[in-house]
Trainee: 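My structure is below; once you've seen it, I'll send some questions.
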Amino acid sequence: MPPGTAAPATAVLPVRRFDLAATLGSGQVFHWRTGHGGFVGLIDRTPVFLRQAAAGQLEVTPGAEGVASEYLALDHDLDAIVASFPADDTALARAVAYAPGLRLIRQPAWECLATFITSSLKQVPHISRISHTLRERHGDPVPLGEHVLWTYPSADAVARAGEEALRRCGLGYRAGFLASTARLVADGALDLSFLTDPAVSDDDALARLTAAPGVGPKIASCVLLFAGQRLGFFPIDVWIERTLRERYFPRRRKFPPGFLARFARRHFGPYRGYAQQFLFHHARTAGATAAG
DNA sequence: TCACAGGGGTAGT
DNA sequence: ACTACCCCTGTG
């Protein structure tokens with residue numbers, strides 16, 4: 001963002017129990033850039049500037065209030081969700097207290113699936129760079145003030161780009177996976193509308209997603225949680241696995257396959273996806289593995 | 001400057 | 001259950 005440029009115009013949206021920086025910076029999305037004391041990016045194809053200078057006020061590009069409210073899940077009843085967590089869980093309570101206004105972003109389906117395919121065995125800054133490279137080389141430009149933003153390339157665009165071009169975006173072995181899955185989506189063989197279809201069960205949805213190349217249980221869970229808004233999915237990555245082991249089973253040595261997933265289902269309740277996000281964000285940004 | 005290890009997993013054996 | 005996989009970054 002060039003220095004000295006005028007701050008974008010904004011409308012003010014009253015918010016409660018919402019933390020913009022935590023929400024955008026908790027490893028759910030990877031394309032927002034900071035600037036003018038806020039964040040600049042695209043919500044699907046809508047260019048948006050977001051700023052939260054005061055706790056109860058979210059500044060949004062005029063006209064994008066509705067899109068932003070939906071994306072940032074301002075309708076989620078966080079009080080009720082947190083109240084459903086086990087009352088005697090101090091580790092979770094600490095993670096919630098660390099970022100009480102953290103929300104699960106309602107993500108566009110293809111963008112979410114593709115981004116998480118590119119995320120395997122990668123750290124956040126690298127995922128972010130891949131996302132930007134893909135956008136700039138294969139997405140469409142969208143102006144916002146004097147800035148140019150780039151949409152996430154459609155499944156069709158990714159499929160047309162092909163594996164070699166994707167590899168040149170720094171995807172490594174993920175290029176083949178992304179190209180193949182993009183082809184499935186572009187051809188209609190994988191219609192992602194099932195993600196939010198209440199007639200499709202969680203188990204069925206999981207099976208359909210994991211049938212796609214490069215999509216295993218972890219990435220599928222992320223997509224079902226974020227893009228599908230199925231709040232009972234609990235993605236288990238190395239951070240969460242470490243946290244669960246240390247916090248809840250400090251003495252146990254053996255963890256059979258599925259053990260922690262079953263524990264999460266039993267312990268954290270119907271909104272365990274939120275519990276996972278609180279624990280994950282706390283573990284990653286508060287150095288909680290040692291002392292938190 | 002340059003090995004080397006390891007990182008928000010998945011697929012094939 | 002075990003291992004390779006591409007690429008990048010941090011470390012010595």
Side-chain angles (χ1 to χ4, degrees), chain A residues 22-32 95 98-99 102 104-105 107 111-134 136-138 158 161-185 190 206-228 233-247 253-261 264 272-290 292:
Chain A
T23 298
L24 294 183
S26 57
Q28 302 180 62
V29 290
F30 306 89
H31 64 288
W32 291 87
Y98 176 71
L102 173 61
L104 286 174
I105 297 170
Q107 298 193 34
E111 176 181 325
C112 182
L113 172 59
T115 300
F116 278 92
I117 286 176
T118 66
S119 80
S120 78
L121 217 53
K122 285 244 166 283
Q123 300 174 100
V124 170
H126 197 179
I127 302 168
S128 181
R129 190 149 32 74
I130 289 173
S131 168
H132 282 290
T133 305
L134 280 172
E136 287 169 11
R137 292 194 188 172
H138 301 289
V158 171
E163 179 175 344
E164 282 316 306
L166 296 177
R167 201 168 277 268
R168 288 194 293 275
C169 294
L171 268 70
Y173 64 83
R174 300 158 196 81
F177 293 150
L178 184 59
S180 301
T181 295
R183 175 51 62 199
L184 289 178
V185 173
L190 182 63
L206 183 66
R208 292 198 205 184
L209 265 187
T210 52
V215 184
K218 191 273 176 181
I219 288 172
S221 297
C222 285
V223 175
L224 288 159
L225 177 60
F226 300 140
F233 275 92
F234 190 96
I236 297 181
D237 56 32
V238 296
W239 287 96
I240 281 297
E241 174 154 350
R242 194 181 303 146
T243 301
L244 293 183
R245 286 183 181 217
E246 291 176 358
R247 295 280 168 229
R253 296 301 216 80
K254 300 264 187 189
F255 291 86
F259 176 86
L260 290 175
R272 54 194 172 277
Y274 256 103
Q276 185 270 359
Q277 197 61 30
F278 283 118
L279 289 169
F280 177 78
H281 181 58
H282 185 233
R284 262 194 65 245
T285 62
T289 55

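In what follows, every chain begins at residue 1, and chains take the letters A, B, ... in the order their sequences are listed. Values below: all heavy atoms of this structure, side chains included; hydrogens, waters and symmetry mates excluded.
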Trainee: Any base atoms under 4.0 Å from A:Val124, or only sugar-phosphate, or nothing? Heavy atoms, all strands.
Mentor: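 Result for A:Val124 = base.
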Trainee: Would you mind reading off the distance between A:Leu171 atom CG and C:dC8 atom P, rounded to a whole angstrom?
Mentor: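 In whole Å, C:dC8 P and A:Leu171 CG are 10 Å from each other.
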Trainee: With rounding to whole Å, what would you report as the distance between C:dT3 and B:dA5 at their P atoms?
Mentor: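 Approximately 16 Å lies between the P atom of C:dT3 and that of B:dA5.
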Trainee: Judged by each residue's nearest nucleotide on DNA chain B, which is more toward the 5′ side, A:Cys222 or A:Ala212?
Mentor: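 Final value for this comparison: A:Cys222.
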Trainee: What nucleotide among B:dG8, C:dC7, B:dG9 has an atom nearest to a side-chain atom of A:His126?
Mentor: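 Nearest listed nucleotide: C:dC7.
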Trainee: Could you check whether A:Ile219 gets within reach of a base, just the sugar-phosphate, or nothing at all, counting any heavy atom under 4.0 Å?
Mentor: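 Contact class for A:Ile219: sugar-phosphate only.
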Trainee: Should the side chain of A:Lys122 and the base of C:dC7 be counted as holding a donor-acceptor pair, with the cut-off at 3.5 Å?
Mentor: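 Indeed, a donor on one side and an acceptor on the other fall under 3.5 Å apart.
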Trainee: Applying side chain to side chain contact (heavy atoms under 4.5 Å, CB included), run through A:Leu121 and A:Arg174 and close with a yes or a no.
Mentor: CA-CA 10 Å; A:Leu121 217 53; A:Arg174 300 158 196 81; 3.9 Å; yes
Trainee: Counting the atoms with a prime plus P, OP1 and OP2 as sugar-phosphate, which does A:Pro125 contact under 4.0 Å by heavy atoms, base, sugar-phosphate, or nothing?
Mentor: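 Since no nucleic acid heavy atom lies under 4.0 Å of A:Pro125, the category is nothing.
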Trainee: For A:Pro235, answer base if it contacts any base atom (sugar-phosphate contacts may also be present), sugar-phosphate if it contacts only those atoms, and nothing otherwise; contact means non-hydrogen atoms under 4.0 Å.
Mentor: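 Nothing, no nucleic acid heavy atom in range.
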Trainee: Starting at atom CZ of A:Phe30, determine the distance to atom C1' of C:dC8, rounded to an integer number of angstrom.
Mentor: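 So the CZ-C1' distance, A:Phe30 to C:dC8, works out to 16 Å.
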Trainee: Could you go step by step and tell me if A:Ile105 and A:Phe226 meet the side chain to side chain contact (heavy atoms under 4.5 Å, CB included) rule?
Mentor: CA-CA 6 Å; A:Ile105 297 170; A:Phe226 300 140; over 6 Å; no
Trainee: Expressed as a whole number of angstroms, how long is the span from A:Arg174:CZ to C:dC5:C1'?
Mentor: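 Atom-to-atom, A:Arg174 to C:dC5, this comes out as 9 Å.
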Trainee: Base, sugar-phosphate, or nothing: which does A:Phe177 touch, judged by heavy atoms less than 4.0 Å apart?
Mentor: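 Sugar-phosphate contact only - A:Phe177 comes under 4.0 Å of backbone atoms but never of a base.
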Trainee: Using the ring of each side chain (for Trp, its six-membered ring), is A:Tyr173 parallel, tilted or perpendicular to A:Phe177, with breaks at 30° and 60°?
Mentor: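 Rings of A:Tyr173 and A:Phe177: perpendicular, as their planes differ by over 60°.
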Trainee: Can you work out whether A:Asp237 or A:Thr210 has the more 5'-proximal nearest nucleotide on DNA chain B?
Mentor: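 Nearest nucleotide further toward 5': that of A:Asp237.
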Trainee: Please measure how far the P atom in C:dC8 lies from the corresponding atom in B:dA11, and state the result in whole Å.
Mentor: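 To the nearest whole Å, 22 Å.
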Trainee: Using purine N1 to pyrimidine N3 plus N6-O4 or O6-N4 for Watson-Crick, or N1-O2 and O6-N3 for G-U wobble, each under 3.5 Å, what pairs with C:dC6?
Mentor: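 Base partner found: none.
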Trainee: For the side chain of A:Arg129, starting at C-beta, report the closest nucleotide among C:dT9, C:dC6, B:dG8.
Mentor: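 Closest of the options to the side chain of A:Arg129: C:dT9.
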Trainee: Could you tell me whether A:Arg167 contacts a base, only the sugar-phosphate backbone, or nothing, with contacts defined as non-hydrogen atoms closer than 4.0 Å?
Mentor: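 If one applies the 4.0 Å heavy-atom cut-off, A:Arg167 turns out to touch the sugar-phosphate alone, with no base involved.
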Trainee: Parallel, tilted or perpendicular: which fits the ring planes of A:Tyr98 and A:His281, with parallel below 30° and perpendicular above 60°?
Mentor: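 Correct class here is tilted.
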Trainee: Need one value for A:Gly214: base, sugar-phosphate or nothing, where a base atom within 4.0 Å counts as base even if backbone is also close, heavy atoms only.
Mentor: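 Sugar-phosphate, no base atom in range.
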Trainee: Grab the OH-P distance between A:Tyr173 and C:dC6 for me, whole Å please.
Mentor: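 Taking OH of A:Tyr173 and P of C:dC6, I get 9 Å after rounding.
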Trainee: Which whole-number value in Å describes the distance from A:Glu241 CD to B:dG9 P?
Mentor: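 So the two atoms are 10 Å apart, to the nearest Å.
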Trainee: Would you indicate what A:Gly172 reaches in the nucleic acid, counting non-hydrogen atoms under 4.0 angstrom: base, sugar-phosphate, or nothing?
Mentor: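 Base contact.
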Trainee: What interatomic distance, in whole Å, is found between P of B:dT1 and the corresponding atom of C:dC7?
Mentor: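 Their P atoms lie roughly 23 Å apart.
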Trainee: Only pairs with both distances under 3.5 Å count, Watson-Crick or wobble alike; so what is the partner of B:dG8 in this structure?
Mentor: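 Result: none.
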Trainee: Rounding to an integer number of angstrom, what distance separates B:dG8 and C:dT11 when you compare their P atoms?
Mentor: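 Their P atoms lie roughly 14 Å apart.
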Trainee: Can a donor-acceptor pair be found, under 3.5 Å and without considering hydrogens, that links the side chain of A:Ser26 to the backbone of A:Thr23?
Mentor: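 Yes.
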Trainee: Please state how far atom CD in A:Gln123 lies from atom C1' in C:dT11, giving the value in whole angstrom units.
Mentor: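 Rounded to the whole Å, the gap is 13 Å.
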Trainee: Is the backbone N or O of A:Phe234 less than 3.5 Å from a side-chain atom of A:Ser221, with the two atoms forming a donor-acceptor pair by type?
Mentor: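 No.
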